[in-house]
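Values below: all heavy atoms of this structure, side chains included; hydrogens, waters and symmetry mates excluded.
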Amino acid sequence: MRVTQQMMHQNSVNHMQQNLGRFEKTNLQASSGKLLHKPSDDPQAVAKSMSLKTVMSANDQFERNIGDASLWLDENDRSIQAMVDVTQRIRELGVQGGSGTLSPEDRELIFKEVGVLNEQLRQFANSEVDGRYLFGGGDGTVKPFADAVSFEATPANGPLKTAKIGPGMQIEIGILPQTLVGNAEDPSNLFRAVGKLADSIQAGEPVNLDEIDGAMERLLTSAAENGARQNRIEATESRLLDAKLSLGSALSSIEDVDYAEILIKLKSEESIYQASLSSSAKIMQTNLMDFLR
């Protein structure tokens, strides 16, 4: 095979371009701290990196959902606990008002206090978060107890509020008003029981505490169920945080450079490129006069 000067020049240029390309790629990796910049760098690694990022993005959304769900459940807990405290006070007044030694004036004072506490119960039952009713069910746009004297809750708009906290993991975070206070016809309906207790005190009749105890038991059950959901939310959040660390570590092992290794490689590529420049310069300087000597 005949080797011409043009072939030598062309090969020298090709080698220089290849060496420069490797040097530029290594320099980009060292300056950016990332091994992958385009799919052709390592198709298999890029595919795995994209898969990991998809999972991480989904987990980020689950974390945001958990944050919203935690806020809702925390507000549920505070409102229910406040209702339990008020109901406990009403029961104490019921015990006090059932005493046959009270004067009509004393009974009237207790009756008025129970009335004020009953209004507080309705306020807590109509609690809002971000403009939505906690116990409104569905999208939270319906006020549960719009009527100040009715025992019956307004029908909820849509299904019970839920939150998606993981792949295939859906959790209820809303509480229907009927679950909280009871159906309107139920003797232990919270507002019915409080109203009956107040009327008995005012009339000087014996106070039946069984109904108020039933209402209290329903509130405590709702609080316990809400607490169980809070525990599940916290456990799921903890798992997501662990997964986030593991996925981040796996992604880093694919994308991030080892600086000690890459700097050594960068120096090597630089030396190779400089050597190709030097050798090519000698070839490029050769002319016809060199062959006539």
Side-chain angles (χ1 to χ4, degrees), residues 72-99 102 106-129 131-161 172-227:
W72 198 270
L73 291 174
D74 288 345
E75 291 299 324
N76 281 350
D77 184 67
R78 277 189 281 270
S79 296
I80 294 174
Q81 188 56 54
M83 294 178 73
V84 168
D85 293 340
V86 172
T87 304
Q88 182 61 42
R89 174 57 183 164
I90 290 174
R91 190 185 190 285
E92 293 172 358
L93 291 174
V95 173
Q96 182 180 347
S99 173
L102 293 177
D106 292 336
R107 288 198 300 272
E108 187 65 23
L109 290 174
I110 295 175
F111 170 79
K112 290 181 179 179
E113 183 176 351
V114 171
V116 172
L117 293 174
N118 191 32
E119 292 178 4
Q120 289 183 9
L121 286 175
R122 286 187 179 271
Q123 290 173 0
F124 289 130
N126 289 325
S127 296
E128 297 179 62
V129 175
R132 294 175 296 171
Y133 293 102
L134 273 177
F135 309 116
D139 56 11
T141 58
V142 176
K143 189 174 183 178
F145 298 97
D147 190 335
V149 296
S150 175
F151 302 145
E152 186 172 3
T154 306
N157 181 16
L160 193 62
K161 184 175 178 63
E172 292 182 351
I173 59 175
I175 300 176
L176 292 174
Q178 294 88 346
T179 303
L180 192 66
V181 304
N183 295 320
E185 64 277 5
D186 190 337
S188 65
N189 173 282
L190 179 61
F191 300 125
R192 180 184 294 277
V194 171
K196 185 175 180 180
L197 180 144
D199 292 341
S200 297
I201 292 174
Q202 187 180 38
E205 299 174 352
V207 176
N208 185 354
L209 298 176
D210 292 341
E211 294 170 355
I212 203 73
D213 287 343
M216 173 73 80
E217 184 64 29
R218 185 182 293 108
L219 288 174
L220 293 175
T221 299
S222 296
E225 292 175 351
N226 189 77

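Listed here is the closest heavy atom pair of V181 and F191: CG1-CE1, 4.1 Å. Taking both residues in full, the closest heavy atoms of L102 and R107 are given as O-NH1, 3.0 Å, listed atom of the first, atom of the second, then distance. Shortest non-hydrogen contact noted between S150 and R122 is O-NH2, 2.5 Å. When all heavy atoms are compared, the tightest approach of A223 to I80 is CB-CG2, 3.7 Å. Between P144 and N126, the shortest heavy-atom contact is CD-OD1, 3.2 Å. Listed here is the closest heavy atom pair of N226 and L73: ND2-O, 3.0 Å.
Salt-bridge annotation for E75 and R78: present, with a side-chain N of the basic residue lying under 4.0 Å from a carboxylate O of the acidic one.
Atoms CG and CD, from N118 and E113 in turn, are 12.5 Å apart once rounded to the nearest 0.5 Å. Rounded to the nearest 0.5 angstrom, N208 CG and D213 CG are separated by 8.5 Å. Atom CG of L190 sits about 7.5 Å away from atom CG of L180, to the nearest 0.5 Å. Of the inter-residue distances, the one linking I212 atom CD1 with T87 atom OG1 reads 6.0 Å to the nearest 0.5 angstrom. To the nearest 0.5 Å, atoms CG (L219) and CD (Q81) are separated by 9.5 Å. To the nearest 0.5 Å, atoms CZ (F124) and CG (L134) are separated by 12.0 Å.
With contacts defined as side-chain heavy-atom distances shorter than 4.5 Å, the pair R91/M216 does not qualify. The closest side-chain heavy-atom distance from E225 to T221 is below 4.5 Å. Residues V95 and E92 form no side-chain contact, since every pair of their non-hydrogen atoms from C-beta on lies 4.5 Å or further apart. Considering only heavy atoms from C-beta on, E172 stays 4.5 Å or farther from K161 through its side chain. Side-chain atoms of F135 and S79, non-hydrogen and from C-beta on, do get closer than 4.5 Å to each other.
R218 places no side-chain N or O within donor-acceptor distance of the main-chain N or O of Q178, the cut-off being under 3.5 Å.
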Please determine whether side-chain contact (heavy atoms from CB on, under 4.5 Å) holds for the pair L93 and F111, giving the CA-CA distance in whole Å, both sets of side-chain angles, and the decisive distance to 0.1 Å. CA-CA 9 Å; L93 291 174; F111 170 79; over 6 Å; no
